[in-house]
There are 2 protein chains.
Amino acid sequence: MGMAQKNIPSAKRDHLVDTALALFTEGGYHAVGIDTVLARAGVAKMTLYNHFASKEDLIVAALARKAEQSAQGLEKALAEAGADPQAKLLAMFDWLEGWFRSKDFRGCIYIKAAGEYPKKKDKPNQAALAFKQARVRLLLELCRQLGVKDADTLAWQIAMQMEGAIVVASMHSRPGAAQEAKAAAAVLIEAARRV
Amino acid sequence: MGMAQKNIPSAKRDHLVDTALALFTEGGYHAVGIDTVLARAGVAKMTLYNHFASKEDLIVAALARKAEQSAQGLEKALAEAGADPQAKLLAMFDWLEGWFRSKDFRGCIYIKAAGEYPKKKDKPNQAALAFKQARVRLLLELCRQLGVKDADTLAWQIAMQMEGAIVVASMHSRPGAAQEAKAAAAVLIEAARRV
DNA sequence: CAAGAAATATACAGATCAGTCTACTTTTGA
DNA sequence: TCAAAAGTAGACTGATCTGTATATTTCTTG
């Protein structure tokens, strides 16, 4: 019978996830219905439910897809910044600016996912938190490499500067926020070095 | 006939807005239906639609109610901080921490509103942006009083530190983010003074 | 080619959604 | 007191929602 197994790679599944990511990014999670995604993807409803148990699972897959893309782009940007951890940290804000200035920038889908699925047990909420935690771990690792005394505090401060830049850039339509945040991060790093 | 006029003060209307604010804060805007709000408020559906043209208008009213409460609390905190603009700026982060540690802290309803109503023409989006703009204006005024050279940049940097603190506190369940952000703001202010 | 898997179209269930309508009751204020 | 205003109950649209059932077709691959 016509039943694909869940989580098995498939071109249709891939396309579905890509379409879902684009539409949820544009319109939000609750506001965009399954039927809209299916129509845009040109895929039958049963194909969706053969690959995913629920809409929330599709959302989680879309969040994971974005996480891959994001990690890939960021790793490249960090590699191009060279070996210096400070240069890498500051390069993250240039990378942010590139995102802010891309024509399809609609803010952070993880912040939005946590907003629309506020309960800790909600799968999109868990996926969003996991992504953010990974980013903080990356910041913490770089701050440790800086050799500053309180790497933990600095990492969270830079994390907040980044999250704030995303919020300001999206809500106020202010892509230049990235450079202001970068300058702030530089000041924070210098101050942390001096301690 | 039984038709109250829109935007006319009324105890029922007030209670409806309070209930809506609480429920939308907890569960999100699309996820919480009109019927849920009405049931919780103990109010008839026609009472809602006699006071508001649509659900979105009720959301806007709830956002406005929160803005009043927020402005009231913040003004008090700033007044208690004394006349020094730097003290006022740093006091904002203590005020943030109080909010983060309140048992009903669920993140920023304006960030969420902008996320769920992403189009600029959506009324909740406009209301959310207006609130955030007002806050930036307040920060800018305080930074100008500091007498630093680039008050504009400093104001946006502190704004980002605040927004980031809100995101981190809510997503990572980290109310202590407020103090880390406060320390960061102090560093940024000191650096801006030196220029 | 042939068999099995994958994807399809379509109809449907059952719930929920925002919003309307009507007739009735309660509250309010001159 | 009495009339207008405000609020209520409840049925009712008509749309939309997630998810399922079924029968058919297309694709893949040995």
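Naming convention: chains lettered A, B, ... in sequence-line order (proteins, then strands); numbering from 1 in each chain.
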Compare all side-chain heavy atoms of A:P118 with those of B:E26 and state whether any distance is below 4.5 angstrom.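 In short, these two side chains do not touch, never coming nearer than 4.5 Å.
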
Counting heavy atoms from C-beta on, name the nucleotide in [options] closest to the side chain of [X].
X     : options               : answer
A:H51 : C:dA18, D:dC17, C:dA7 : C:dA7
A:A44 : D:dG7, C:dT8, C:dG19  : C:dT8
B:V43 : C:dT20, C:dT8, D:dT8  : D:dT8

For A:Q145, give me all partners under side chain to side chain donor-acceptor pair (under 3.5 Å), at least two apart in sequence or on another chain.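 Checked A:Q145 against side chain to side chain donor-acceptor pair (under 3.5 Å); matches are A:E141.
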
Please state how far atom [atom1] in [X] lies from atom [atom2] in [N], giving the value in whole angstrom units.
X     : N      : atom1 : atom2 : value
A:I34 : D:dT20 : CD1   : C1'   : 14 Å
A:Y29 : D:dC17 : OH    : P     : 18 Å
B:F24 : C:dC17 : CZ    : C1'   : 13 Å
A:L38 : C:dT10 : CG    : P     : 14 Å
B:D35 : D:dA11 : CG    : C1'   : 13 Å
A:M46 : C:dA11 : CE    : P     : 16 Å

Quick one: name the residues clustered hydrophobically with [X], using the 4.5 Å side-chain heavy-atom rule over I, L, V, M, F, W, Y, and just say none if it's on its own.
X      : answer
B:V60  : none
B:V195 : none
B:L140 : none

So, is B:K12 close to the D:dT8 phosphate, meaning a side-chain N or O under 4.0 Å from OP1 or OP2? yes

Can you see if the side chain of B:S10 gets near the phosphate of C:dT27 - specifically, an N or O under 4.0 Å from OP1 or OP2?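 No.
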
Ignoring hydrogens and geometry beyond distance, is the side chain of A:K45 in donor-acceptor contact with the base of D:dG19 at under 3.5 Å?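 A donor-acceptor contact between them is present.
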
Could you tell me which residues satisfy side chain to side chain contact (heavy atoms under 4.5 Å, CB included) with A:I34, sequence neighbours excluded, listed by chain and number? A:L38, A:K45, A:L48, A:Y49, A:K55, A:L58

Ignoring hydrogens and angles, state whether a donor on the side chain of B:Q179 or B:D94 is under 3.5 Å from an acceptor on the partner side chain. yes

Considering only heavy atoms, which members of residues 52-61 of chain A lie under 4.0 Å from some atom of DNA chain D?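 Contacting residues: A:S54, A:K55.
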
